[in-house]
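Down below is the structure, laid out as C-alpha cells.
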Amino acid sequence: MSEPVREVYIALASVRVAEQAEFYRKFLKVTPRPETAKYAEFQLPGLRLAIFEPKPESRSEFAATGAGPMSFCVEVDDLPRAIAHLTTLGYPPPGEIIHASHGQEIYAYDPDGNRLILHQSSKVDA
C-alpha cells in the first residue's frame, strides 16, 4: 500500500439484511444510517459496522459453515443485564459465563450465526 490506512471497519454479509439490521438495532440500541433493503451501517464509538447483501453470483464466497475464528467482541458494564437483553431479543447465549483473569465473558450468536463475545472487565481496586 502506498497510502496509509484511512479506516478499518467490520462488514457482515447476509442474505437477511433486514433481520440482521433489526437485531443489531435492538442489540446495540443504535439506528443504522444509511439503511436500505441491501445495506445497513451502524456508527458506534470506535467502530463502524456494515451489513450488506452480497451479489447473487458471489454469495457462495460468503456462505457460513458455522462460526469461524473471528468474533464481534462487545465490552459491557453489566454482563447479566446484557445476557438478559439478548435473551429478550430471542438470542440467548447457549453456554455459561466464562471466568478469566481479565474478567467474565459469554458467547452468543446473531441471527446469521456470527459469534458475539460479551465481555465485562474485572473491577480493579486502586
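Here the options are Leu116, Leu118, Ile98, the test is side-chain contact (heavy atoms from CB on, under 4.5 Å), and the partner is Tyr107; only Ile98 passes.
Applying the side-chain hydrogen bond (donor to acceptor under 3.5 Å, both in side chains) test to residues at least two apart or on different chains, the pairs with a partner in residues 75-87 are Glu75-His119, Glu75-Ser121.
Formation of a donor-acceptor pair under 3.5 Å by the Asp112 side chain with backbone atoms of Asn114 is not found in this model.
In terms of the salt bridge (Lys or Arg N to Asp or Glu O under 4.0 Å) criterion, residue partners of Glu53 (sequence neighbours excluded) are, by chain and number, Arg59. With sequence neighbours excluded, the residues satisfying side-chain contact (heavy atoms from CB on, under 4.5 Å) with Glu19 are Arg16, Tyr91, Pro111. Looking at residues two or more places apart in sequence or on another chain, you find no side-chain hydrogen bond (donor to acceptor under 3.5 Å, both in side chains) involving Thr31.
Counting all heavy atoms, side chain and backbone alike, Gln120 lies closest to Leu79 at OE1-N, 2.7 Å. Between Ser14 and Pro54, the shortest heavy-atom contact is O-CD, 3.6 Å. Between Ile106 and Pro93 the shortest heavy-atom distance is CD1-CB, 3.6 Å. In terms of heavy atoms, Ala82 sits closest to Val76 at CB-CG1, 4.0 Å.
The closest side-chain heavy-atom distance from Leu12 to Asp110 is below 4.5 Å. Counting heavy atoms from C-beta on, the side chains of Ile117 and Val74 never come closer than 4.5 Å. Between Tyr109 and Pro94, the closest side-chain pair of non-hydrogen atoms falls below 4.5 Å.
From Glu96, atom CD reaches atom NE2 of His99 across 9.0 Å, with rounding to the nearest 0.5 Å.
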What pairs of donor and acceptor atoms, side-chain ones from residues 33-52 against any protein atom, are under 3.5 angstrom apart with sequence neighbours left out?
unit_1 : atom_1 : unit_2 : atom_2 : d
Glu35  : OE1    : Arg25  : NH2    : 2.6
Glu35  : OE2    : Arg25  : NH2    : 2.9
Thr36  : OG1    : Lys38  : N      : 3.2
Thr36  : OG1    : Tyr39  : N      : 3.1
Tyr39  : OH     : Glu41  : OE1    : 2.4
Glu41  : OE1    : Arg48  : NH1    : 3.3
Glu41  : OE2    : Gln43  : NE2    : 2.7
Arg48  : NE     : Glu7   : OE2    : 3.4
Arg48  : NH2    : Glu7   : OE1    : 2.9

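Note: Phe27 and Phe23 have parallel aromatic rings, judged against thresholds of 30 and 60 degrees for the angle between ring planes.
Cluster annotation: Phe72 is connected to Val30 through the hydrophobic network of ILVMFWY side chains, with a link wherever side-chain heavy atoms come within less than 4.5 Å. In the hydrophobic clustering of ILVMFWY residues, with side-chain heavy atoms under 4.5 Å counting as a link, Tyr24 and Val15 come out apart.
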